[in-house]
Every structure is written in C-alpha cells, then in structure tokens.
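See structure below.
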Amino acid sequence: MDMLYDIMKGLNLDDILAFEEGYDEQYLAIERLYQSIQSPSIILQLVILNSLVCYQLSCSGEDYWREFSNYFSRRNVSEQSLREEVIIFLTNSRCNKRLVKQKIARLNKCFDCVRSLARKWRELIGNQELLARRLTSSLNTRLSSKTISFAVKMLNYTLRIISGRRFPAPHGIDIPMDSRILRISRLLGVDKPRRFWRELSGKTNIPQLHIDTLIWVGYRLAK
C-alpha cells in the first residue's frame, strides 16, 4: 500500500479526470456517442443499461464499448424504441455473446428505474450514489456489486460529458471488484482487497472509481 500511496498522493484530482477524458477508451466511446445522440436522457439510459450487462465479454472492454458506441451512433433511437433497440444490440453483439437471456432479463428488471433516473439527470450530478441505491433495490443485489460500481462510474463519465463539467465520482462506491483488480490485489500481497482499496482511497482522497481508471488505463498504456 505504501508504494501505491507514494505514487498517488501527489496526484491532482482534476489531472486524473483530464487523464480519463484523454485516455480511457470507454469515456471516449461515450463522448463520440453523445455527438450523435445529443439527448441526455437517451444516452444516460443507453450507457447505464449497457454497463449493467458489461460482464463475461467475448472481447476486451474497450472493444465492446467501441462496438456499442458505433452501433447506436448509427441508430435513430427514441424513448419509445430504446428498450427494444438495446435488446436487439445485445442479441447481435459480437463482443457480448454469453448469458444473453440472463442479461436481457436483467435489463427488463431495471429498465423503469433507469428511465426514471435518466429523465432527472441534473439531480444525479449532486447525488450519483442515488443510482447505486435504486439499482441495488431493483436488481436485489449488493451495493458493493461490481456491476453496480461500474454503472456509477459510467454515470459519472456520462454526466460530465452531458454537462461539460468536471466533478468526481462519489467516495462511497467501491472499486469494481472484477478479476483484474483481484489479480492486482494478489500481486500486491493483499489478502483483504476490498478493505485495501477503501483505505488507499481514504488516504489519497481519490474516489475508488478513479483509482480503477488509473490502474486499468495506466496498465494498458504501459503495455
């Protein structure tokens, strides 16, 4: 932890947000999509729903979000057609071929919740954790679930793009505890990873969702 703390303690949060905007392919995919859609409610619904089925992919996360962005950039999605359009995309996705029926059921389960929140997107800027609480209730899952955490991260990206403002993700949301974070935790000799990342976030005052980006994008660029 001391090594990571020494690296991160001097980082400025605004510089971290600028790093995300310049180098995170997921942020750039959403940004390109918004240039085509220009509807805050629709893009928020698309991004949040997509983030909730973004697991067990058949390709890299970056490739999947490019596929998602390119597909919906060419579609004339309306509020009325959105649910059907998302299901069609998921059914035919090159990168998201596993557990499709399970994922469609998940989308249907939380669709009304996501639509309601997306229509009040300005309120979410100051209360991003509201998405996590509502999704946890709709999907009957834990607040610490990795897909819930990832949805809040993508919410933060999308709200920044829509509003043209920079603001951090909430401190109260855990890093998405997926296989790569667990692997990195093991390499660091960490036996309680959730507590480790919470403590690092507290010491550096960097929300865990931004630490996630620094690790993931930094690792990709280093390679």
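Worth knowing before you read on, the calculation uses all heavy atoms, side chains too, and leaves out hydrogens, waters and symmetry mates.
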Side-chain H-bond candidate by donor/acceptor type, D63 with S60, under 3.5 Å
yes
Between N70 and R66, do the side chains contain an N or O donor and an N or O acceptor separated by less than 3.5 Å?
no
Within the distance-only criterion (no hydrogens, no angle test), does the side chain of R160 pair as donor or acceptor with the backbone N or O of L17 below 3.5 angstrom?
yes
Could you check whether the rings of F89 and Y71 sit parallel, tilted or perpendicular, using 30° and 60° as the cut-offs?
tilted
Hydrogens and angles aside, do N108 and R83 bring a side-chain donor and acceptor to less than 3.5 Å of each other?
yes
Return yes if a side-chain donor-acceptor contact under 3.5 Å exists between Y64 and N50, otherwise no.
yes
Please confirm whether the backbone N or O of L135 pairs with a side-chain atom of S138, one donor and one acceptor, at under 3.5 Å?
no
Look at the rings of W65 and F68 and say which category their plane angle falls in: under 30° parallel, 30 to 60° tilted, over 60° perpendicular.
perpendicular
Do I181 and W197 have side-chain heavy atoms sitting under 4.5 Å apart?
yes
Do we see a donor-acceptor contact under 3.5 Å between the side chains of W216 and Q26?
no
Using side-chain heavy atoms (C-beta onward) and a distance below 4.5 Å, is K120 in contact with S116?
yes
Which pair of non-hydrogen atoms, one from E79 and one from R119, has the smallest distance, and what is that distance?
OE1-NH2, 3.5 Å
So does D212 pair up with R180, basic N to acidic O under 4.0 Å?
yes
Sidechain-backbone polar pair: K109 side chain, N140 backbone, donor-acceptor under 3.5 Å
no
Any side-chain donor paired with an acceptor under 3.5 Å for E20 and T213?
yes
Close side-chain approach of K9 and N205, heavy atoms under 4.5 Å:
no
Heavy-atom side-chain proximity of L130 to L124 below 4.5 angstrom:
yes
Any side-chain donor paired with an acceptor under 3.5 Å for Y55 and N96?
no
Under 3.5 Å, is there a donor-acceptor pair between the side chain of S73 and the main chain of S69?
yes
Heavy-atom donor-acceptor pair, H210 side chain to P168 backbone, under 3.5 Å
no
Side-chain donor or acceptor of E31 paired with backbone N/O of Y27 under 3.5 Å:
no
We want to know whether T147 and R106 form a side-chain donor-acceptor pair, criterion being a heavy-atom distance below 3.5 angstrom.
yes
Validation row: R115, D112 side chains within 4.5 angstrom (heavy atoms)
no
Which pair of non-hydrogen atoms, one from Q128 and one from A169, has the smallest distance, and what is that distance?
OE1-CA, 3.8 Å
Can you check whether R134 reaches L117 side chain to side chain, under 4.5 Å on heavy atoms?
yes
How many angstroms lie between CG in D174 and CZ in R195, if you round to the nearest 0.5 Å?
13.5 Å
Under a 3.5 Å distance rule, please check whether S185 uses its side chain to pair with a backbone N or O of V190 as donor and acceptor.
no
Any donor-acceptor pair under 3.5 Å from E67 side chain to R94 backbone:
yes
Are the side chain of T204 and the backbone of L200 linked by a donor-acceptor contact shorter than 3.5 Å?
yes
Are a donor atom and an acceptor atom from the side chains of T158 and W121 found within less than 3.5 Å of each other?
no
Do L52 and C110 touch side chain to side chain, with heavy atoms closer than 4.5 Å?
yes
Would you check if the side chain of N156 reaches a backbone N or O of L159 as a donor-acceptor pair within less than 3.5 Å?
no
Measure the shortest side-chain to side-chain distance between F196 and L188 over non-hydrogen atoms and say whether it is less than 4.5 angstrom.
yes
Pair F72, S36 - check side chain to side chain contact (heavy atoms under 4.5 Å, CB included), show working.
CA-CA 8 Å; F72 283 104; S36 299; over 6 Å; no
